[in-house]
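Below you will find the structure I want to go over with you.
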Amino acid sequence: MAPVALATSPKLSPQQRRFSQSKAAHEVLAQSMIAHALQSHIENIDPDQCEAGGEDAFFVADLGEIYRQHMRWKVNLPRIEPFYGIHSRDVPLTLPVAVKCNQDPAVLRLLAKLGTGFDCASKTEIKQILDLGVEPHRIIYANPCKTASYVRYAADNNIRMMTFDNPEELYKVKKFFPDASLVLRISTDDSKALCRLSLKYGAPLDSTADLLRLANELELNVIGVSFHVGSGSTDPSAFVTAVKDARKVFDEAAEVGYDLRMLDVGGGYGTDNLEQIAAMLGPAVDRYFPPSIRVIAEPGRYYVETAFTIATHVIARRTVQEDMMAGQPSYMLYLNDGVYGNFSNIIFDHQHPVPRVLKHGPNYYYNSLAKDSQLTRYSVWGPTCDGIDCISSSCFLPEVLEVGDWLYFNNMGAYSKCSATKFNGFNDDHRVMYVVSEAGAQALLES
Ligand SMILES: *Cc1c(COP(=O)(O)O)cnc(C)c1O
């Protein structure tokens with residue numbers, strides 16, 4: 001009999017299959033650890049007695065999830081791997097994770113121990129990574145438009161790898177860091193990404209030959225090409241197009257006299273589409289670039305998004321009178337965190353975080369609400385006095401929630417607390433409780 005089901009399901013390698021089984025098992029453990037951390041923090045808060053802010057929103061971060069994402073990357077994109085300088089003497093390479101989407105110190109420490117590199121965009125990000133004891137060659141300064149004094153800072157600290165995409169940047173680097181190892185960032189088709197980046201960065205393909213000639217005249221050291229298909233990319237074929245474009249630029253560089261050694265395939269990987277991207281990106285890289293070319297990536301959101309859960313307190317409630325009169329009760333809920341705080345991902349990252357009931361009255365419901373409870377309609381708001389501070393204009397939740405209840409939101413690890421403000425005096429500190437649902441991660445953290 002023909003194995004119909006097998007023919008239509010994606011072909012998993014034995015490594016992929018083993019990984020996904022172990023991942024599923026660990027996720028069950030992770031859920032119970034997260035539930036326990038949420039509940040034990042809340043049980044220690046007495047809203048009637050605590051000091052001001054004692055009931056502030058807080059995160060639970062599962063560092064085991066970061067570890068699982070790292071292993072998942074290695075299974076799916078084995079060529080785009082941490083590199084410890086065995087194959088080449090000039091620039092040892094790593095898998096540089098983008099720092100900007102989550103600067104949590106424990107996350108960065110775990111990544112450093114996992115051996116990833118770091119993509120930094122500013123002096124402060126570079127310093128944060130150097131302070132962890134990470135060697136300068138594991139950092140790429142991947143901002144094509146850099147502040148001159150930051151370039152000097154990079155030179156002083158021997159951060160050699162940096163990107164450029166315009167002639168002015170080449171003159172700047174010539175002046176402040178003529179020995180830098182330069183990576184030419186090209187623009188991409190990012191029309192299907194959540195956050196478009198090529199509107200702002202990346203050399204158009206009709207300008208790359210001139211840029212390479214200028215770099216050569218200035219006697220600068222160009223070592224490779226980079227791109228970013230846009231953050232929250234939904235189109236794996238954009239990676240293939242960008243790889244082909246990078247190949248053209250490698251060939252142009254050869255004509256100018258450069259022997260490029262490195263391809264940087266940027267960020268844009270999702271937690272839900274890594275396998276799809278890998279299935280197209282991996283073969284494209286192999287087809288257009290011989291094994292001697294080192295390939296790195298700068299994943300950001302992929303590593304951290306699913307590792308963070310946030311819990312928020314219901315501080316106020318208002319009944320919507322018209323709905324009540326129409327016989328369909330609905331409420332406005334006010335939480336102690338909002339778009340000026342950790343829900344900044346709504347504004348900057350075009351996210352739609354989904355509220356779930358964590359605690360109602362004395363009962364906890366993490367991951368376990370009965371599906372047939374009756375649903376009530378809510379709009380969910382942040383604590384600041386601005387009308388834009390709305391987390392959800394309409395959602396349905398079981399139970400009639402009250403002041404003092406708690407909600408939680410999954411997948412809050414990327415572009416959330418890093419872009420939070422202190423507007424209106426809220427959000428002074430971001431409490432994070434850590435759990436570690438992987439023994440491998442625990443061992444690294446203790447080493
Ligand atoms: C933001 C950014 C990243 C990370 O992007 P993700 O979409 O979060 O993976 C990587 N590289 C550069 C240059 C960036 O600006």
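Order of listing sets the numbers, starting from 1, for every ligand and every atom in it.
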Check your understanding: Backbone N or O of Ser437 within a donor-acceptor pair of the Asp62 side chain at under 3.5 Å?
Key ->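 Yes, the answer is positive, given that a donor and an acceptor are paired below the 3.5 Å cut-off.
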
Exercise for review: Identify, for atom 8 (O) of ligand 1, the protein heavy atom at the shortest distance, and state residue, atom and that distance.
Suggested key: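 Scanning the protein heavy atoms, the shortest distance from atom 8 (O) of ligand 1 goes to Tyr415 OH, 2.6 Å.
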
**Study point:** For atom 5 (O) of ligand 1, the protein heavy atom that lies nearest, with its residue and separation
**Key:**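 For this ligand atom, the closest protein heavy atom is His228 NE2, 2.9 Å.
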
Check your understanding: Salt bridge or not for Arg213 and Glu217, using N-O below 4.0 Å?
Key -> no

Exercise for review: Have a look at Cys195, Gly268, Gly202 and point out the one with the heavy atom closest to atom 6 (P) of ligand 1.
Suggested key: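 Checking each option, the heavy atom nearest atom 6 (P) of ligand 1 is found in Gly268.
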
Check your understanding: Relative to atom 10 (C) of ligand 1, which among Glu305, Glu298, Arg301 owns the nearest non-hydrogen atom?
Key -> Glu298

Exercise for review: Look at the rings of Tyr340 and Phe423 and say which category their plane angle falls in: under 30° parallel, 30 to 60° tilted, over 60° perpendicular.
Suggested key: tilted

Exercise for review: Look only at interatomic distance and state if Tyr302 has a nitrogen or oxygen under 3.5 Å from any nitrogen or oxygen of ligand 1.
Suggested key: no

Exercise for review: Tell me which part of Asn143 gets within contact of ligand 1: side chain, backbone, both or neither, using heavy atoms under 4.0 Å.
Suggested key: neither

Review point. If you look only at pairs with a residue in residues 273-290, which of them pass as a salt bridge (Lys or Arg N to Asp or Glu O under 4.0 Å), with sequence neighbours excluded?
Key: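 Of all non-adjacent pairs touching residues 273-290, those that pass salt bridge (Lys or Arg N to Asp or Glu O under 4.0 Å) are Arg72-Glu275, Arg79-Asp286.
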
Point to revise | Residue Arg185 vicinity, atoms of ligand 1 by number, heavy atom under 4.0 Å | key: 13 (C)

Check your understanding: What atoms in ligand 1 come closer than 4.0 Å to a heavy atom of Pro299?
Key ->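 Atoms satisfying the 4.0 Å criterion: 9 (O).
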
Practice item. Could you tell me which atoms of ligand 1, counted from 1 in the order shown, lie closer than 4.0 angstrom to a heavy atom of Ser231? Key: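 The atoms of ligand 1 under 4.0 Å from a heavy atom of Ser231 are 6 (P), 7 (O), 8 (O).
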
Review point. Should you measure from each heavy atom of Ala98, which atoms of ligand 1 turn up under 4.0 Å away?
Key: 3 (C), 4 (C), 10 (C)

Point to revise | Residue and atom name of the nearest protein heavy atom (relative to atom 1 (C) of ligand 1), distance in Å to one decimal | key: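 The answer is Lys100 NZ, 1.3 Å.
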
Exercise for review: Taking Glu252 for its side chain and Leu212 for its backbone only, find out whether a donor-acceptor pair lies under 3.5 Å.
Suggested key: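 Absent.
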
Check your understanding: What atoms of ligand 1 come closer than 4.0 angstrom to any heavy atom of Ala142?
Key -> 13 (C)

Point to revise | Six-ring centre of Tyr269, Arg301 cation under 6.0 angstrom, axis tolerance 45° | key: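 No; the conditions do not both hold, so Arg301 does not lie above the ring face of Tyr269.
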
Review point. Can you find a side-chain donor-acceptor pair between Ser191 and Asp189 that sits under 3.5 Å?
Key: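 A donor-acceptor contact under 3.5 Å links the two side chains.
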
Practice item. Indicate yes or no: at least one non-hydrogen side-chain atom of Asn410 is less than 4.5 angstrom from one of Thr309. Key: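 The answer is yes; the side chains approach within 4.5 Å.
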
